[in-house]
Visitor: 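Below is one structure. I have some questions about it.
Just so we're on the same page: letters track the sequence lines, and every chain starts at 1.
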Amino acid sequence: MNIVEEVQSKLKEEIKAAVVKAGLATEAEIPNVILEVPKEKSHGDYSTNMAMQLARVAKKAPRMIAEELIQSFDQTKASIKKMEIAGPGFINFYMDNSYLTNLIPTILKTGEKYGETTVGNKQKVQVEFVSANPTGDLHLGHARGAAVGDSLCNILAKAGYDVSREYYINDAGNQINNLALSVEARYFQALGLDKEMPEDGYHGEDIIGIGKDLAEEFGDKYVKVDEAERFQFFREYGLKYEMAKLKKDLEEFRVSFDVWYSETSLYHNGKIDAALKSLRDNGYIYEQDGATWFKSTELGDDKDRVLIKQDGSYTYLTPDIAYHKDKLERGFEKLINIWGADHHGYIPRMKAAIQALGYDKDALEVEIIQLVHLYKNGEKMKMSKRTGKAVTMRDLVEEVGLDATRYFFAMRSADTHLDFDLDLAVSQSNENPVYYAQYAHARICSILRQGEEQGLTVNENIDLAQIEAEKEIEVLKKLGEFPLAVAEAAEKRMPHRITNYIFDLASTFHSFYNAEKVLDSEHIERTKARLALIKSVQVTLKNALSLIGVSAPEKM
RNA sequence: GUCCCAGUAGCUCAGUAGGAUAGAGCAACAGUUUCCUAAACUGUAGGUCGGGGGUUCGAAUCCCUCCUGGGACGCCA
């Protein structure tokens, strides 16, 4: 618990104590104490609506209750300077904010660990994200999913969850066959031979490239071999090539995974059969029209789902159920899947499957990533993998820059449509929010450098009482919020809260910078204290930026 | 047709365990630099929170209904 949390919880305790002391309600009757930071500065540092909440229990007017509460309140505790009743019955607390200065030595000592909390309670969480089919380049939607997923994982880890990042490789099924046939066609074409692309083939540039590479390396060797061998070769080659490219692209996007899980492996290790058996044992399987069905309607789905088709092959769902069973058997208490918007209809059947396997359906959480629309020169661009004309993640990063891309995706809540304005993201102007935060960091670094040139290095031997200006207190309050912001972003699975926090912190810093001078030879003690203060901001900003995969430059 | 998501300032969006006069960035307008980076700061203006009902001391937030936009409803993956 940091200082801010301590003060808040002490305040809540005192509020409860006052309620009991004033005889307004018994301990059991007290509603959850709500403490909030008023939007309006003149309303104090904190306020509570306790008096209004008690109106019904105590059968008195809220303002009267507030009056009695204040009478019974022990103001000597919890750093309270002043209390006031306002509006319909709010009690506003004006704090003696000097306690906040203790944040500075805390942050300097904790360094890159500042912001860590234990709210996650080491809960074992697995986050599955991206999981794009290895049949072409990652496009915009995948990029957004990658950015959101990676940020969420970073945040969960920071908040004390035990996180594992996983990528499910769809290396079985029709799309891989189509990949093989597409590679084959491109290979023939590269040799100048006539060969049509399969109906559902992949028309991306990358596949054309593979065809050329193969033609160069092997000549017409694979034109001559028999069809089965040829198919097998192209399948494996294509898969290996695509996966290597995916990994590389993701790494360059600052996204890494702990586990790359192959769908095909489920076919070979008996896990699909085991999953089917489990479903059958629990009574959720029946046969009809020559197919095997999952009775998912009994568990909240719209319709029952086929697991084994008439031709004996599995549907996509079947290995996926086995996969989720395996995840749960690996001991994860919470599975978070990050899926594209086009998969949201898939949620009820997966949850049904989790239940049918004997687990709590809430063990699975699905975060939906809504569509990204790219705007360039005022024109909306569509993304479609099949036409091959879609903007890829690589194109995007190349054009916009890595930091801007990651920042833009982390800026908005994931479940709303995103209009990505290319021209804005590219622009090096003040319209672009990415630079705002990075500039704050660079600015601090610059001041610290100059301080050092004057022989002023930041250390903990400072006079905290030197920190008292209004802008300084505001900066401190923001710094103190960081662990709370991380905890909330983690619990609500909302990475964009961190981006908002970054912006706010940068903003309070810039405001402070313009109002107060840090380096001031007339006031050495104050200068030292302020250097420590801005060093704390620098540490916190860098930590926050790293959560969303954005760098913190020392110069700009 | 059924289900899901969204609709908040001119534009892009925050804000959902109900709270005080609904916020920010950009755009607009007016200012700030002999001074640590002006990629910054300060201020002004801008709103029937899609419409209409309801719940209550109080609703952008909860319930109902309608409108608009997007998506999902395969023995595809």
Visitor: Using a strict threshold of under 4.0 Å (side-chain N to carboxylate O), is an ion pair present between A:Asp45 and A:Lys477?
Guide: yes
Visitor: B:U61 and B:G10: how far apart are their C1' atoms, nearest whole angstrom?
Guide: 26 Å
Visitor: Roughly, in whole Å, what's the span from NE2 in A:His343 to C1' in B:G74?
Guide: 13 Å
Visitor: Name all pairs fulfilling the salt bridge (Lys or Arg N to Asp or Glu O under 4.0 Å) condition that reach into residues 496-511 of chain A, sequence neighbours left out, sorted by first residue then second.
Guide: A:Lys478-A:Asp504, A:Glu488-A:Arg497
Visitor: Using atom C1' in both nucleotides, what's the gap between B:U68 and B:G31 to the nearest angstrom?
Guide: 42 Å
Visitor: Please report, rounded to the nearest Å, how far the C1' atom of B:U12 is from the CG atom of A:Leu418.
Guide: 9 Å
Visitor: With rounding to whole Å, what would you report as the distance between B:U65 and B:U55 at their C1' atoms?
Guide: 15 Å
Visitor: RNA chain B: A:Arg443 or A:Ser413, which has the more 5' nearest nucleotide?
Guide: A:Ser413
Visitor: Among the candidates B:U42, B:C36, B:C76, find the nucleotide nearest to the side-chain atoms of A:Ser511.
Guide: B:U42
Visitor: Establish, yes or no, whether a centroid distance under 6.0 Å links the rings of A:Phe482 and A:Tyr501.
Guide: yes
Visitor: Touch check for A:Ser446, heavy atoms < 4.0 angstrom, all strands: base, sugar-phosphate only, or nothing?
Guide: base
Visitor: Would you tabulate the nitrogen or oxygen pairs shorter than 3.5 Å linking the protein to nucleotides 3-10 of chain B?
Guide:
from: B:C5; atom 1: O2'; to: A:Asp415; atom 2: O; distance (Å): 3.0

Visitor: Check the interface with nucleotides 18-22 of chain B: list each N/O to N/O pair with the protein under 3.5 Å, or write none.
Guide:
from: B:G19; atom 1: N7; to: A:Asn49; atom 2: ND2; distance (Å): 2.9
from: B:A20; atom 1: OP2; to: A:Lys39; atom 2: NZ; distance (Å): 3.0
from: B:A20; atom 1: N6; to: A:Ser47; atom 2: OG; distance (Å): 3.0
from: B:A20; atom 1: N6; to: A:Asn92; atom 2: OD1; distance (Å): 2.7
from: B:A20; atom 1: N1; to: A:Asn92; atom 2: OD1; distance (Å): 3.1
from: B:A20; atom 1: N1; to: A:Asn92; atom 2: ND2; distance (Å): 3.1

Visitor: Which listed nucleotide (B:A24, B:U16, B:C75) is nearest to the side chain of A:Trp293?
Guide: B:C75
Visitor: Listing time: all N or O pairs from protein to nucleotides 31-35 of chain B that are below 3.5 Å?
Guide:
from: B:C35; atom 1: O2'; to: A:Lys517; atom 2: NZ; distance (Å): 3.0

Visitor: Select base, sugar-phosphate, or nothing to describe what A:Tyr346 touches, counting heavy atoms under 4.0 Å on all strands.
Guide: base
Visitor: Flag this pair as yes if the NZ/CZ of A:Lys82 is under 6.0 angstrom from the six-membered ring centre of A:Tyr94 and inside a 45 degree cone about the axis; otherwise no.
Guide: yes
Visitor: Please tell me which of the listed nucleotides, B:G15, B:A77, B:C13, lies nearest to the side chain of A:Arg497?
Guide: B:G15
Visitor: Take the angle between the ring planes of A:Tyr314 and A:Tyr267 and call it parallel below 30°, perpendicular above 60°, tilted in between.
Guide: tilted
Visitor: For A:Ala515, which contact category applies under a 4.0 Å heavy-atom criterion: base, sugar-phosphate, or nothing?
Guide: nothing
Visitor: On the 0 to 90° scale, with breaks at 30° and 60°, tag the A:Phe408-A:Phe420 ring pair as parallel, tilted or perpendicular.
Guide: tilted
Visitor: When you check the gap from the basic side-chain N to the acidic O, do A:Lys327 and A:Glu128 get nearer than 4.0 Å?
Guide: yes
Visitor: A:Tyr435 has an atom OH; how far is it from atom C1' of B:G25, in whole Å?
Guide: 16 Å
Visitor: Using 4.0 Å as the upper bound for N to carboxylate O, is an ion pair formed by A:Lys295 and A:Asp304?
Guide: no
Visitor: Once side-chain contact (heavy atoms from CB on, under 4.5 Å) is applied, do any residues pair with A:Pro348, and if so which ones, sequence neighbours excluded?
Guide: A:Asp301
Visitor: Could you tell me how far apart A:Trp339 (CH2) and B:G71 (P) are, to the nearest whole angstrom?
Guide: 20 Å
Visitor: Write down the distance separating the C1' atoms in B:A27 and B:A9, rounded off to the nearest Å.
Guide: 11 Å
Visitor: Considering only B:C75, B:C13, B:A77, which nucleotide approaches the side chain of A:Arg412 most closely?
Guide: B:C13
Visitor: If you only use heavy atoms from C-beta on, which nucleotide in B:U16, B:A77, B:A24 is closest to the side chain of A:Gln175?
Guide: B:A77
Visitor: Could you give the CG-to-C1' distance, from A:Leu505 to B:G25, as a whole number of Å?
Guide: 17 Å
Visitor: By the 4.0 Å heavy-atom rule, please label A:Asp289 as base, sugar-phosphate, or nothing.
Guide: base
Visitor: Under 4.0 Å, counting only non-hydrogen atoms across every strand here, what does A:Glu488 touch: a base, just sugar-phosphate, or nothing?
Guide: nothing
Visitor: Provide the distance between the two P atoms, one in B:A20 and one in B:A59, to the nearest whole Å.
Guide: 10 Å
Visitor: I'd like the P distance from B:A22 over to B:U33, given in whole Å.
Guide: 34 Å
Visitor: Expressed as a whole number of angstroms, how long is the span from A:Lys303:NZ to B:G1:P?
Guide: 16 Å
Visitor: Go through RNA chain B and write down every stem, that is, every run of at least three consecutive Watson-Crick or G-U wobble pairs with distances under 3.5 Å, as range with range.
Guide: B:1-7 with B:67-73, B:10-13 with B:23-26, B:28-32 with B:40-44, B:50-54 with B:62-66
Visitor: Cation-pi check for A:Tyr513 against A:Arg443: NZ or CZ below 6.0 Å from the six-membered ring centre and within 45 degrees of the axis, yes or no?
Guide: yes
Visitor: Rounded to whole angstrom units, what separation is found between the CG atom of A:Asp423 and the P atom of B:C11?
Guide: 18 Å
Visitor: Classify the nucleic acid contact of A:His496 as base, sugar-phosphate or nothing, counting any heavy atom under 4.0 Å across all strands shown.
Guide: sugar-phosphate
Visitor: Can you say whether the rings of A:Trp293 and A:Tyr286 are parallel (under 30°), tilted (30 to 60°) or perpendicular (over 60°)?
Guide: parallel
Visitor: Quick test of your reading of the model: are A:Arg449 and A:Glu452 salt-bridged, counting only N-O distances below 4.0 Å?
Guide: no
Visitor: B:U8 and B:C49: how far apart are their C1' atoms, nearest whole angstrom?
Guide: 4 Å
Visitor: Let's see if you can work this out: which of B:U12, B:G15, B:C75 has an atom nearest to the side-chain heavy atoms of A:Asp419?
Guide: B:U12
Visitor: If I pick the C1' atom on B:A60 and the same atom on B:A17, what distance separates them, to the nearest angstrom?
Guide: 16 Å
Visitor: How many Å lie between CG on A:Asn174 and C1' on B:G74, as a whole number?
Guide: 13 Å
